[in-house]
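Here is the structure we will look at.
So you know, we letter chains A, B, ... as the sequences are listed, proteins then strands, and number each from 1.
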Amino acid sequence: MSDQATTAPVDPALPNATLANAGGRALVQEPRSALYYAGRRFLRQRLAMIGLVIVIILMIAGFGAPLLAPTNYADANLMDANQFPSHSHWMGTDTIGHDFLSRVMYGTRTSLIVGFAAVIVACLIGIPLGMLAGMKGGLADFLVMRLVEIMTAFPGLLFAIFLMTIFGAGVDKIILVIGLTSWVTLCRLMRAQLFTLREQEYVQAARAMGATELSIAVRHLLPNAIAPVIVAITLAIPTAIFAEAGLSFLGVGINEPTPSLGKMVADSAPYVRVYWHLGLFPTVAIALIMLGFSFIGDGLRDALDPRQN
Amino acid sequence: MGRYLIGRLLSLIFVLFAVSLIAFMLMHAVPGGPFAPDEKGRLPEATRVAQMKKYGLDKPIYVQYVRYIWHAVHLDFGVPFQSPTETVTGLIARTWPVTIKIGVPTIILAYTVGTALGLIAALRQNSIIDYVVSFTATLGIVLPNFVVAMWLILFFSVYLGWLEPGGWGKPQNYIMPVLAYSLAPMALVARYTRSCVLEVMRADYVRTARAKGLAENRVLFWHIGRNALIPLITILLPEIPNILTGSIFIESVFRIPGLGRFFVTSTQQRDYPMILALVLLIAAFWGITYIITDVLYTVLDPRIRIGGSAVRT
């Protein structure tokens, strides 16, 4: 692995950069930062752009629900129950007369909130632990890895269901539970990154010049380790959203009246033969959320780490 | 080799102990219990005490744990509180076969079709087939299986009216669960097959094989196929216990009476013996699969020697 600060990434589509790099100094133009090239590579990917558009639209629909949704998520009119999609209710109404479009929009909001917040919790646990294990090695590494091993051996879904029944349903609790059960990947990745990086020549050089461990960690290790971690974080968001939908689907996630797409799918199952819209719209919303974030994650991976492809 | 296997088995036993201990402590750390009064009503005090005594729940926790381990070592996993007329072993023996009956066709379908698609995509790299396979693989990996299940029901049961939306016992009941369940592993298999084959195709020994004039079929099966298999096995074998222990979601959507629903009912009803049995069953299944994977790896690839650090991850 090369130090990105000194070696501009070689991108065949950018002859100037390659030329400048090959000559050792700028012949045509100054090599720009690695971030600039990563940004250009990201923007050039069609799927990543589609993902970005999907996510932006969903975020507007979800976070804008209080302004944009036709009704509040809890407003129900029993007289209007079980209507098929129509002019007045674009996605129809559910079995107790909620406007289904509003429910799906608020459900999307719940999914997004849980997805982002749970990943933040996972980062707060996984990244420090991974850094500790990777930097210190020895006993710290041994202890962290045993913890990781036990977490891996423990069936994740069962653990999450179990924690949910202990804590009880609710948005804050599900965020905590998903965070607690999904930090392992980030921890392992961070540790593996630091293991390969800390023996690199430039780290040894910094150490020889008398840099402190802290400044090596912050100035040299973190910037070089961060790219794959960012990718993993982006890909952890759809996983967390999937976990929320799954737990709510099983009835241990989020309680009424807060709408959850997973719970809406489960609730629709008995009626789906007749009221097809109750099964269709929440599943499409879940699929779009998952696809959008996954496309962005894949695109980021290709953009930040061209060697992987 | 023998030494290595014994070491691995010992470490698996250690992990199982750790997992059972953690599960045990977690279960008991929570206020309430299987016979505690809750919103659904309360047992008469005498009955509650008798029940607690019957299942040994009145003893100190460490005594309970030692007793549990002692019985578990003798393959007695207790009586499930939610179905006290049978044993945990009996309950699992009754419901797990249903899950396996869905799991085995799922594995066969996922691995055969997935390998074929991945191979075709790799051999026709950057063709339309490749793009279609890659895109479908992304869909398969990303979409939750209950979403796929719901779409299958909407299409086959509601729109076409060909299949019942759920149920168990008839051969047609297998179609939609197996399809919905196999899409994700199939996508995974296709994706890994593709990238493994692409990597091997660029290897020097493949170029040598072509250069010395071997028939294309021989290069394909003897040089590419065998070598592409190695990473495939390590990545894909661990999926098998996942599939065979069942999907709660698939079983719930299609109303299949398998093992899955006990994951939820056991935790909700504080069914201690059943929770521990499920946790241990899955952890053991995983552990054994990982050992088999590592051993197979060394058998298939003579470059890897057991005992060194290469096998550890």
Review point. Which of residues 287-295 of chain A have a heavy atom under 4.5 Å from any heavy atom of chain B?
Key: A/Ala287, A/Met290, A/Leu291, A/Ser294, A/Phe295
Could you tell me which portion of [X] (side chain, backbone, both or neither) has an atom closer than 4.5 angstrom to a non-hydrogen atom of chain B?
X	result
A/Ala245	both
A/Phe249	side chain
A/Thr283	both

Review point. Using a cut-off of under 4.5 Å for heavy-atom pairs, which of B/Ser195, B/Ala23, B/Gly287 has the most such pairs with chain A?
Key: B/Ala23
Check your understanding: Looking at B/Val253, B/Val264, B/Leu154, which has the largest count of heavy-atom pairs under 4.5 Å with chain A?
Key -> B/Leu154
Taking atom [atom1] as the centre, does [X] end up with more than 12 heavy-atom neighbours from other residues, nucleotides or ligands that are less than 6.0 angstrom away?
X	atom1	value
B/Phe17	CZ	no
B/Tyr192	OH	no
B/Ile128	CD1	no
B/Phe285	CZ	yes

Check your understanding: Given that the side chain runs from C-beta out, which part of B/Ala149 has a heavy atom under 4.5 Å from chain A: side chain, backbone, both or neither?
Key -> neither
Point to revise | Heavy-atom contact with chain A under 4.5 Å, split by part of B/Phe135 | key: side chain
Check your understanding: Do you know which of A/Leu47, A/Leu280, A/Asp298 has the most heavy-atom pairs under 4.5 Å to chain B?
Key -> A/Leu280
Study note, to complete from the structure: Most contact-rich option vs chain B, by heavy-atom pairs under 4.5 angstrom, among A/Thr239, A/Val252, A/Thr165, A/Leu157, is A/Thr165
Revision key, fill the gap. Applied to residues 9-25 of chain B, the side-chain hydrogen bond (donor to acceptor under 3.5 Å, both in side chains) test, sequence neighbours excluded, yields B/Ser20-B/Tyr65
Do [X] and [Y] have side chains that approach each other closer than 4.5 Å (heavy atoms only, starting at C-beta)?
X	Y	result
B/Met150	A/Ser268	yes
B/Phe263	A/Leu250	no
A/Phe162	B/Val279	no
A/Val265	B/Val147	no
B/Pro144	A/Ile286	yes

Revision key, fill the gap. dist B/Ile282:CD1 -> A/Phe159:CZ (nearest 0.5 Å) comes out at 13.5 Å
Check your understanding: Which distance, rounded to the nearest 0.5 Å, do you find between the CZ of A/Phe242 and the CZ of B/Phe249?
Key -> 5.0 Å
